[in-house]
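Right, one structure below, let's go through it.
Proteins get letters first, then strands, A, B, ... in listed order; numbering begins at 1 in each.
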Protein chains: 2
Amino acid sequence: MSDERIGLTVHGMSVSGNCHKVRLLLEQLGTRYRWVEVDSAHGQTHAPEFLALNPNAKVPVVVRDDGRVLPESNAILFWLAEGTPFLSSDGWERAQTLRWMFFEQYSHEPYVAVARFICGWTGADSPRRAELPRLRERSAAALAVMEQHLGHARWFSGAAYGIADIALFAYTDVAGDGGVSLQPYPAVVAWLQRVRSQPGFVAMPEVTAEVRARFDQAS
Amino acid sequence: MSDERIGLTVHGMSVSGNCHKVRLLLEQLGTRYRWVEVDSAHGQTHAPEFLALNPNAKVPVVVRDDGRVLPESNAILFWLAEGTPFLSSDGWERAQTLRWMFFEQYSHEPYVAVARFICGWTGADSPRRAELPRLRERSAAALAVMEQHLGHARWFSGAAYGIADIALFAYTDVAGDGGVSLQPYPAVVAWLQRVRSQPGFVAMPEVTAEVRARFDQAS
């Protein structure tokens with residue numbers, strides 16, 4: 001990060017993978033931060049005071065003590081990781097890191113995370129449940145791409161664990177919540193375990209009992 | 001770019017916004033490159049020889065003469081722009097550049113580009129046409145976020161034209177093809193014109209007469 005003396009506040013929902021990415025990196029960096037819980041599952045990102053931070057109505061958002069604001073989880077990871085072991089200084093490795101982070105936001109999160117959201121945060125009679133078969137099919141396609149990469153590499157961020165791993169870990173680790181099985185992807189399962197073994201690793205907090213019961217019913 | 005002596009081949013579909021981003025930056029940089037046309041609208045990205053380049057079956061892909069491969073349009077832009085006036089060297093400005101590039105891939109392209117694809121490359125009886133109202137609604141939401149930003153800024157990449165502008169320009173400039181009107185967004189329309197006025201600007205090639213006729217019918 002550019003200046004470690006700058007205080008940070010993260011506005012996020014703790015059980016959102018996009019938000020947990022930021023918490024995980026901050027914990028592993030040992031950076032102090034404040035966390036403001038935002039219930040994005042129940043519309044809090046559409047409140048006027050939140051829209052003033054991010055007109056795109058999404059968490060996470062980082063607010064610096066000097067008032068400057070940064071949304072988008074993977075942009076936040078890249079900014080925080082600059083100059084640390086979590087982001088290579090080599091131009092080609094950085095490009096590959098970004099390649100996997102854009103893959104995550106375009107080809108992975110819109111399926112794996114959205115299947116989980118529908119299972120946990122909509123009712124059993126929601127019309128959105130009709131989206132689940134397609135979302136699970138596209139989730140499987142993304143996991144197959146990851147499995148192929150991990151057949152010849154330990155990490156997504158080049159030679160070492162880093163922010164592309166953090167970005168992809170967040171929702172892959174909870175894919176089962178949305179009824180997406182990891183059983184066909186042994187290299188992905190082994191990589192998840194390697195991520196969990198990293199110094200300073202923190203798991204995503206557990207969801208409420210109500211949400212957990214919905215996950216269990218849906219899968 | 002790390003090494004200007006390295007030859008580049010772009011595998012892309014010329015009338016795809018994601019691919020045109022790469023061409024536009026390469027032209028503005030004055031970098032020599034080869035272009036291999038891939039008809040992604042008709043399945044060529046699923047051919048075995050293409051999947052060997054990008055298992056995620058998407059264009060564009062850049063292949064260096066030393067054999068190394070980089071997919072994901074915005075990762076390619078970031079890599080090509082490093083050390084040039086199209087990407088700031090300031091950490092915070094780079095973070096804002098990435099913020100808009102992730103916004104583009106998550107909150108803009110999946111609506112603006114997909115509406116255009118459905119209008120131009122599927123038949124009038126395609127069941128996918130049922131997606132258009134929702135895609136146009138989400139496109140309008142993305143354009144409203146851009147309009148708000150451009151109310152107090154000339155560019156998305158900080159103080160100067162750069163790769164976030166290129167990323168957002170590509171599909172915004174052809175939003176009308178998908179029946180997405182830019183009329184409510186005068187700041188976006190003025191910004192598009194500023195982009196078109198940049199040195200070295202090249203427009204996306206015209207689609208075939210068949211695709212153009214479908215666009216005209218759909219809008």
Check your understanding: Roughly how far, to the nearest 0.5 Å, is CD of E72(A) from CD of E104(B)?
Key ->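 Answer rounded to 0.5 Å: 11.0 Å.
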Practice item. Identify which part of Q96(B) has an atom lying under 4.5 Å from any heavy atom of chain A, answering side chain, backbone, both or neither. Key: both
Review point. Tell me, side chain or backbone of D90(B) under 4.5 Å from chain A's heavy atoms, or both, or neither?
Key: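 Nothing of D90(B), per the 4.5 Å heavy-atom cut-off to chain A.
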Exercise for review: Quick one: sort the W79(A) and W92(B) rings into parallel, tilted or perpendicular, breaks at 30° and 60°.
Suggested key: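 It falls in the perpendicular class, over 60°.
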Review point. Which of these, L77(B), L98(B), L70(B), sits in a side chain to side chain contact (heavy atoms under 4.5 Å, CB included) with L98(A)?
Key: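 Of all the options given, the one that passes is L98(B).
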**Study point:** F78(B) ring center near F102(A) ring center (under 6.0 Å)
**Key:** no
Review point. What heavy-atom pair brings A95(A) and A75(B) nearest, and what distance separates the two atoms?
Key: O-CB, 3.7 Å
Review point. Is there side-chain contact between V69(B) and R99(A), with at least one heavy-atom pair below 4.5 Å?
Key: no
Point to revise | Donor + acceptor pair across side chains of E109(A), Y106(B) (<3.5 Å) | key: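 Checked: E109(A)/Y106(B) side chains pair up, N/O donor to acceptor below 3.5 Å.
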Review point. Any idea which of N56(A), T97(A), I76(A) has the most non-hydrogen atom pairs under 4.5 angstrom with chain B?
Key: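 Between N56(A), T97(A), I76(A), the count favours N56(A).
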Review point. Do you know which of S107(B), A144(B), A142(B) has the most heavy-atom pairs under 4.5 Å to chain A?
Key: S107(B)
